[in-house]
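If you read the sequence from its start, that first residue is 1, and numbering goes on from there. Both ligands and their constituent atoms are indexed starting at 1 by order of listing. We use all heavy atoms of the structure for the numbers below, so side chains are in, but hydrogens, waters and symmetry mates are not.
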Amino acid sequence: TPTPSPTCSNSGPVVRKTPLITFLEILQQTALNTLGPKNFDPKLYVDLSLKSNLSITQSAFDDLPRTPNGSVSVTDFNGFIQSYFNGAGEDLVYTEPVDFVSEPEGFLPEVVNREVRAWALEVHSLWKNLSRKVSDRVLDRPEFHTLLPLAKPVMIPGSRFREVYYWDSYWVIRGLLASKMYETAKGIVTNLISLIDEFGHVLNGARAYYTNRSQPPLLSAMVYDIYTRTGDIDFARKSSPALLKEHKFWNSEIHSVRIHDAEGCNRTLSRYYAMWNKPRPESSTIDIETASKLMNDSAKQHLYRELASTAESGWDFSTRWMRNGSDLTTLATTSIIPVDLNAFILKMELDIAFLANVTGDCTISVHFQEAAQARKQAMNSVFWTAEMGQWLDYWLSNGTTCRGHTWEASNQNRNIFASNFVPLWIELFNSDCTLVEQVMQDLRSSGLIRAVGIATSLTNSGQQWDFPNGWAPLQHMIVEGLARSGSKEARSMAEDIAVRWIRINYVAYKKSGAMHEKYDAEKCGEFRGGGEYIPQTGFGWSNGVVLAFFEEFGWPHDLNIDCN
Ligand SMILES: OC[C@H]1O[C@H](O[C@H]2O[C@H](CO)[C@@H](O)[C@H](O)[C@H]2O)[C@H](O)[C@@H](O)[C@@H]1O
């Protein structure tokens, strides 16, 4: 791994933290001191909502009896929580989706095997479990909640993820489209747009503690897919201003980086960069512990920004962002130009151009087609390596600012990650037959394709976005890119991966009764852990990807869905 410059990311904007979050972080630390680390989930405490004013709650907290070393008894602590807080998740209430029917007309016509069809309908029915709306209590007293008010119903990922998440929503929507739940899908987009209107970007998730960052930007892909299914031109028109605003956000000073390439051309690409230099409130105790290895405040602030920026990448955490794969304090995300982020922004540019064209705004359409061509060239010049047949993340190492780095081959990260193949998902790349053939061969020999799906990386670091974990979104983008390329061989490879992935989900579901957040790409029917929280079930994007794969490939009578 190349050595990044630490200087490109030391200073930068920091958004304001609400007094409620500050207090809940103190509560979180007290909970850890009082209850101990076993089964401790820090996020639980920042998801609690107040029963009365913060000042009343704070003074009751200050009045709790304490031992000389400042600790509170378990009984007093639990009593305080009971008296002053509503439970985490109580401010989102269950709601039946308006467009849910148990077997929608035209539902997955190509899934004909009876056992498999019955299971597909079961996965479809899980939308009812994940559907929520923000309680009126949040609208009445927003200052009592870290949950942000949203006008339309939401689909949550599940378990500890009790609020809507940005990039998860793309695969949720793909599943909802297979389930013919167009109103619910549009409502999710309307909610995300309202976040852009208020904050200037789509938040990582709909919580006050997520305002300091976004997540992989897939709003345009959501709008594009809903529009192409429904033909709702009004929806396309209403979404367009938000997409333009979001494009600005990802090309703003903090996110954009200029590279002087090997041909002497200036290229502009984007990076992740959170507006934060403190512990992530949802993982405050963990971040403080991680940073305790560092000596001074400036190094700690730098690390906190890297931790939050890695959360912005959606890949939290992975050796992909670390100088030393066994030491989280070496995170260097803001000094990396990521392949997948730029593929997403390229797609955003293409989608905006497409939508502007259908809504009759030629000037915008032409402008964004040009922007897409420029980004494609930049990606080819900075990321692409013909010798490996992959796009490689680029590490900034030789400058003191984020403006004007000179490209060097040695700054490409030659480690293999599933993200190196994400550009395949984008039509500008997958429509090139020669390129697809080459990338397909390399994917085959990369080591990423395991017995039951695509592994995230080749490094078993214990981090959740590493080997042997397989994540639904990564399977989906690579499979869909191969399937839509027009190459027969690529489609057959895509179908093979999709079938294996469906099997892993099915067998794990039959064994555990649940869909999982991530799976073991090596072992059929095994879900996986790793990282800073225990494995979660539900699970929005896993459900969405299974339904999307069924829609793309169907399932014949005679194909077995068990592992062997
Ligand atoms: O609480 C720790 C982190 O959890 C989230 O990240 C993980 O779950 C998200 C929801 O499914 C998913 O979008 C992300 O890719 C996962 O790594 C959250 O997004 C982080 O900000 C948070 O710190």
Side-chain angles (χ1 to χ4, degrees), residues 21 24-25 28 40-47 88 130 146 154-173 175 188 192 201-218 272 274-276 278-290 303-318 320-321 328 331 333 338 340-341 344 418-419 422 456-457 463-466 469-477 515-519 527-545:
I21 296 174
L24 293 176
E25 285 182 81
Q28 185 190 91
F40 181 75
D41 186 351
K43 182 172 180 296
L44 177 78
Y45 298 92
V46 291
D47 290 356
L130 300 176
T146 56
V154 303
M155 284 290 167
I156 58 166
S159 307
R160 82 194 282 271
F161 299 114
R162 312 170 178 93
E163 51 284 313
V164 78
Y165 280 78
Y166 182 9
W167 77 318
D168 299 52
S169 296
Y170 176 71
W171 290 280
V172 165
I173 285 176
I188 293 172
L192 300 182
H201 61 277
V202 183
L203 311 186
N204 180 152
R207 288 271 177 190
Y209 53 75
Y210 284 144
T211 55
N212 59 64
R213 59 180 181 266
S214 188
Q215 250 196 339
L218 290 168
Y272 291 108
M275 296 172 282
W276 199 239
K278 301 181 177 68
R280 290 165 301 149
E282 74 282 11
S283 300
S284 189
T285 49
I286 302 174
D287 287 357
I288 290 170
E289 171 70 26
T290 308
L303 172 62
Y304 291 143
R305 196 182 292 280
E306 297 301 337
L307 286 160
S309 301
T310 314
E312 184 169 70
S313 80
W315 282 49
D316 44 322
F317 293 98
S318 168
R320 184 177 169 202
W321 314 111
L328 210 53
L331 277 175
T333 311
D340 46 358
L341 172 62
F344 299 145
S419 48
V422 164
T456 308
S457 76
Q463 299 297 343
Q464 62 171 351
W465 288 87
D466 265 317
N469 288 3
W471 291 81
L474 301 179
Q475 318 299 314
H476 179 257
M477 289 184 283
M515 294 292 285
H516 297 267
E517 178 197 28
K518 53 190 175 274
Y519 293 88
F527 58 90
R528 282 290 301 184
E532 66 181 37
Y533 53 82
I534 58 165
Q536 304 296 303
T537 57
F539 198 89
W541 60 21
S542 300
N543 308 358
V545 168

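At least one N or O atom of Arg160, backbone or side chain, sits closer than 3.5 Å to an N or O atom of ligand 1. Between Gln215 and ligand 1, a contact under 3.5 Å exists for at least one N or O pair. For ligand 1, the polar-atom distance check against Lys43 finds no nitrogen or oxygen pair separated by under 3.5 Å.
Neither side chain, Tyr304 nor Glu306, offers a donor N or O lying under 3.5 Å from an acceptor on the other. Checked by atom type, the side-chain pair Gln463/Ser318 shows no donor-acceptor distance below 3.5 Å. Defined by atom type and a distance below 3.5 Å, a donor-acceptor pair is missing between the side-chain atoms of Gln215 and Tyr210.
Protein heavy atom in closest approach to atom 2 (C) of ligand 1: Glu532 OE2, 3.2 Å. When only non-hydrogen protein atoms are considered, atom 7 (C) of ligand 1 lies nearest to Tyr533 OH, 3.3 Å. Looking only at protein heavy atoms, the nearest one to atom 4 (O) of ligand 1 is Phe161 CE2, 3.4 Å. What sits closest to atom 16 (C) of ligand 1 on the protein, heavy atoms only, is Asp316 OD1, 3.5 Å. In this structure, atom 15 (O) of ligand 1 lies nearest to the protein heavy atom Gly314 O, 2.6 Å. The shortest contact between atom 10 (C) of ligand 1 and any protein heavy atom is with Asp168 OD2, 3.3 Å.
Close approach to Glu282 involves these atoms of ligand 1, each under 4.0 Å from a residue heavy atom: 1 (O), 21 (O), 22 (C), 23 (O). For ligand 1 and Arg213, the ligand atoms under 4.0 Å from any heavy atom of the residue are 21 (O), 23 (O).
Contacts between Tyr166 and ligand 1 below 4.0 angstrom, taking non-hydrogen atoms only, are absent altogether. Here Asn204 has side-chain heavy atoms under 4.0 Å from ligand 1, and that is the only part of it that gets that close.
Look at Trp465 and you'll find a heavy atom under 4.0 Å from some atom of ligand 1. The shell of residues lying under 4.0 angstrom from ligand 1, judged by heavy atoms, excludes Trp471. Note on ligand 1: Trp315 sits outside its first shell, no heavy atom being nearer than 4.0 Å. The shortest separation from a heavy atom of Gln464 to ligand 1 is under 4.0 Å, placing the residue in contact. Phe539 counts as a contact of ligand 1, since one of its heavy atoms falls under 4.0 Å from the ligand.
Side-chain contact between Met155 and Val164 is absent, with no heavy-atom pair separated by less than 4.5 Å.
The aromatic rings of Trp315 and Trp465 sit parallel, their planes meeting at an angle under 30°, below the 60° perpendicular limit.
Ring pair Tyr519/Phe539: centre-to-centre distance not below 6.0 Å. Between Tyr45 and Phe40, the distance from one ring center to the other falls under 6.0 angstrom.
The side chain to side chain donor-acceptor pair (under 3.5 Å) with Arg320 is formed by just one residue from the set Asp340, Thr333, Thr310; it is Asp340.
Among all heavy-atom pairs drawn from Gly158 and Leu130, the shortest one is CA-CD2, 4.1 Å.
Cation-pi geometry between Arg160 and Tyr533 is met: under 6.0 angstrom from the ring centre, within 45 degrees of the axis.
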* To do: Check the pair Asp47, Tyr209 against side-chain contact (heavy atoms from CB on, under 4.5 Å), reporting the backbone distance first and the verdict last.
  => CA-CA 10 Å; Asp47 290 356; Tyr209 53 75; 2.5 Å; yes
